[in-house]
Protein chains: 2
Amino acid sequence: MADGKTKRAEHRAARVKLSDVAAASGVHYSTVSRVLRPGAKGRISDDVAERVRSVAKELGYHPNSIAASLRTQSTRSIGLIVHDMNDPVYPPILSGIEDALSPQGFAVLVSNTGYDLNVELDIVNRMAARLVDGIFLATTRLQDPVVERCQELGIPLVSVLRQTEQETSPAVVNDCYGGMRVMTEHVLASGFRDIAVILAPQYLSTARERWHGIKDTLDQAGVALPDHRIVAVPRMSVKEGKRATETLLTAGESRPDVIICVNDLVAIGAIRACREVGLSIPSDVSITGYNDIPLLDMINPALTTVRMQLHEIGKAAGQVMLAQFEGQPVTPMTQRVGCALLVRGSLGQKSESQPT
Amino acid sequence: MADGKTKRAEHRAARVKLSDVAAASGVHYSTVSRVLRPGAKGRISDDVAERVRSVAKELGYHPNSIAASLRTQSTRSIGLIVHDMNDPVYPPILSGIEDALSPQGFAVLVSNTGYDLNVELDIVNRMAARLVDGIFLATTRLQDPVVERCQELGIPLVSVLRQTEQETSPAVVNDCYGGMRVMTEHVLASGFRDIAVILAPQYLSTARERWHGIKDTLDQAGVALPDHRIVAVPRMSVKEGKRATETLLTAGESRPDVIICVNDLVAIGAIRACREVGLSIPSDVSITGYNDIPLLDMINPALTTVRMQLHEIGKAAGQVMLAQFEGQPVTPMTQRVGCALLVRGSLGQKSESQPT
DNA sequence: TTGTATGCGTTATCAT
DNA sequence: ATGATAACGCATACAA
């Protein structure tokens, strides 16, 4: 019946620990501990070390990291909090983090908030109870109670993708302002002047930076962006992008020539909306995204977007975390990783129009 | 300098524990433990319980789960081992697992193997050292040393997506045989007779079941499948799918009418390969996939595929794990979740051909 | 170089 | 109903 449980218990009971190795080696278990853990102070004679090591291997000794954690107050585990792993921006970040931390023996606890702040705070509390050594927060808001909570708890924190207004914790982000400037400049260079934008909530640094990148570029070029050409989505999803586009297409007396979307999923939604009403892209309306999630080059038309270095962002975040563990000063507080414009079919050219 | 560390240490030192609550409540800490932990045996007087509880809240007591784990030999954490989270089939599985286990207070440790067996065994050892309560294995092979290792270690295991030959551990999988039968029947019903297939390594139950689904259906229909119409990829990726398709298109004297791909990523690769040599889909060659990863309906042409219920598979796996923890007998050993054919543009019709 | 002893914060088994 | 106490397995200051 409770076979698994029983076997588990058996195993547990049979599990070889330091004292077992010590007994079999004829030394005290503290000696075994020193031998097996490189970096333990106090040197050991070579013959003892060798004997202990071979006995340990023979017996199949594996340290119980829970016990070690209780003693050292370090679990060598870190949390990664994201809105939803199903958003394709997150898996590469996880990979990057693993690349940086796995070799150091860290494990990654992944939690999805489902976009719910209370869930998120709860997750932090639970991770704190588990004594995670640090937390990667991919949900960081410009004013963020979660960041504050982590600081109250004294948990080392590294924000990924986003940063707080006051840059209150180390963060590794994409240069969204620069990326969106380049994108917008390219849109202008392609001849477009009647531009619409789909923005995301401005409490996210990514969304705000991208918006400023657009706005500044347009302002400097003297291109107007009327209110009815601006829509904000509550969430960067396909569904919301579609809905926002429907709004855009029916607002004002004419439709815009191009829609600059805050990210790829929203842009996908925009494409869907256009298709549904029979608009062809890019001849009727051009569309741009941001992120370069997979398969974007396969859709019709291929989406013009900005390629973020998500894996690198994750990896850099991991390295910042390690530096923090070692007490190194974090500088700069916000590390920006570059990105690149990818021009593809979804952005056309406004050839027939002449500036007045 | 080591500000984070110092603060952390401060916090750690300041962390309120059972004995603090006990002192402030004027009771013994074992009493506090009983009060705070529902399910502790021995009843407590209401007034004491209330007092302790309020003091605990006031002091901001949070149990140290590491200490509890050392004592109970249960960490309420479980591992999820996948080849690579960047494969879009895994995130929904993670979500499903979280849905099932998060409410029960479990945390999920995610690890990518990078398709490396040695890495995978190492991950298992490390998870064992962390005393995870169980492991979800998404990499299960028909003969699997990793499964054996988990069993040696006495770690409760639930396979997801795949199963071993002897069904040696509980598993929740897709009905790949049935799904691929339906797909193949539809291909036949669409008039195709010159069929090619791209298979995956047969040490994976998914790959083998899908292959049998194809083969049995063709055999029963009396449709031949010559060797030069069969290619196996070493990995189910876009890159390998593309390469395999290039092989298929140049093998034999003519090209096949349709390519049945073992999964979506491979099918994407197939589409790429066809595009590169100027073949149009589906008029020159039809292509089918399997999985229904996101955005497949956006590509040109939209990919005909089989929709798996990945989230449900993850959730069911979580429930199986919970049942196992409670010592309930697992039955059946392999739970199969249904799937549905999605017919889209990438599969055409062979109208002109007349059966001889 | 190695052994001794204590504590990490709980849970659980004794008493009382 | 509550208190005392012994593990859990390891790390480490201190002794030898």
Side-chain angles (χ1 to χ4, degrees), chain A residues 8-9 11-23 25-53 55-56 59-76 105 128-131 133, chain B residues 8-9 11-23 25-53 55-56 59-76 105 128-131 133:
Chain A
R8 180 71 161 161
H11 166 63
R12 287 252 149 88
R15 178 160 184 149
V16 27
K17 49 191 175 184
L18 277 184
S19 56
D20 296 323
V21 178
S25 313
V27 296
H28 194 266
Y29 73 87
S30 63
T31 304
V32 178
S33 174
R34 276 184 289 249
V35 170
L36 264 31
R37 197 162 20 81
K41 84 170 193 183
R43 209 158 289 158
I44 308 115
S45 66
D46 289 358
D47 53 338
V48 168
E50 193 180 351
R51 181 156 39 101
V52 166
R53 246 185 284 270
V55 169
L59 265 52
Y61 170 77
H62 289 280
N64 180 325
S65 54
I66 294 296
S69 292
L70 183 59
R71 182 58 228 249
T72 62
Q73 301 288 18
S74 161
T75 54
R76 288 194 98 68
R130 288 178 180 279
L131 299 189
D133 289 348
Chain B
R8 179 72 161 164
H11 166 63
R12 287 248 149 90
R15 181 162 182 146
V16 26
K17 48 191 176 184
L18 278 183
S19 56
D20 297 325
V21 178
S25 312
V27 296
H28 194 265
Y29 69 87
S30 61
T31 304
V32 179
S33 173
R34 273 185 292 248
V35 172
L36 263 32
R37 198 163 18 87
K41 84 170 193 184
R43 208 157 292 159
I44 310 114
S45 66
D46 287 358
D47 52 340
V48 167
E50 193 180 349
R51 180 156 39 100
V52 165
R53 245 185 287 270
V55 168
L59 265 52
Y61 171 78
H62 290 280
N64 180 326
S65 55
I66 293 296
S69 292
L70 182 59
R71 185 57 228 243
T72 60
Q73 301 288 17
S74 161
T75 55
R76 287 193 100 68
R130 288 178 182 279
L131 299 188
D133 289 349

Asks: Once side-chain hydrogen bond (donor to acceptor under 3.5 Å, both in side chains) is applied, do any residues pair with A:His28, and if so which ones, sequence neighbours excluded?
Replies: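 So A:His28 forms a side-chain hydrogen bond (donor to acceptor under 3.5 Å, both in side chains) with A:Ser30.
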Asks: How would you summarise protein contacts on nucleotides 10-16 of chain C per nucleotide, using B for base, S for sugar-phosphate only and - for none, with heavy-atom distances below 4.0 Å?
Replies: BBBB---
Asks: Can you name the residues that form a side-chain hydrogen bond (donor to acceptor under 3.5 Å, both in side chains) with A:Asp46, not counting sequence neighbours?
Replies: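 By the side-chain hydrogen bond (donor to acceptor under 3.5 Å, both in side chains) rule, A:Asp46 matches no residue at all.
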Asks: Just to verify, what does B:Thr75 make a side-chain contact (heavy atoms from CB on, under 4.5 Å) with, not counting sequence neighbours?
Replies: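 B:Thr75 satisfies side-chain contact (heavy atoms from CB on, under 4.5 Å) with A:Ile66, B:Ser69, B:Ser77, B:Leu131, B:Asp133 only.
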Asks: What does the inter-axis angle of the helix from C:dT1-D:dA16 to C:dT16-D:dA1 come out as, five pairs per end, nearest 10 degrees?
Replies: 40°
Asks: Got a sec, which residues hit side-chain contact (heavy atoms from CB on, under 4.5 Å) with B:Ala68, two or more places apart in sequence or on another chain?
Replies: none
Asks: Take B:Leu18 and B:Tyr61 through the side-chain contact (heavy atoms from CB on, under 4.5 Å) test and state the conclusion after the steps.
Replies: CA-CA 8 Å; B:Leu18 278 183; B:Tyr61 171 78; 3.4 Å; yes
Asks: Say you draw a straight line from OG of A:Ser65 to CG of B:Leu70; how long is it, rounded to the nearest 0.5 Å?
Replies: 10.5 Å
Asks: State which residues pass side-chain hydrogen bond (donor to acceptor under 3.5 Å, both in side chains) with B:Ser45; sequence neighbours excluded, sorted by chain then number.
Replies: B:Asp47
Asks: Residues from residues 45-53 of chain A sitting under 4.0 Å of DNA chain D, heavy atoms only?
Replies: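 Within residues 45-53 of chain A, no residue comes under 4.0 Å of DNA chain D.
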Asks: Which residues satisfy the side-chain contact (heavy atoms from CB on, under 4.5 Å) test with A:Ala22, sequence neighbours excluded?
Replies: A:Tyr29, A:Val32
Asks: With B:Arg71, which residues qualify under side-chain contact (heavy atoms from CB on, under 4.5 Å), at least two apart?
Replies: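 Once residues adjacent in sequence are excluded, B:Arg71 has no partner under the side-chain contact (heavy atoms from CB on, under 4.5 Å) criterion.
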Asks: From CG of B:Leu70 over to P of D:dA6, roughly how many Å is that when rounded to an integer?
Replies: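 Rounded to the whole Å, the gap is 17 Å.
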Asks: Please report the distance, rounded to the nearest Å, between CD in A:Gln73 and P in D:dA11.
Replies: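 Atom CD in A:Gln73 sits about 13 Å away from atom P in D:dA11.
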Asks: Please compare B:Ile66 and A:Thr31 by the position of their nearest nucleotide in DNA chain C and report the one closer to 5'.
Replies: A:Thr31
Asks: Could you list the residues that satisfy side-chain hydrogen bond (donor to acceptor under 3.5 Å, both in side chains) with A:Arg37, not counting sequence neighbours?
Replies: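 So A:Arg37 forms a side-chain hydrogen bond (donor to acceptor under 3.5 Å, both in side chains) with A:Ser33.
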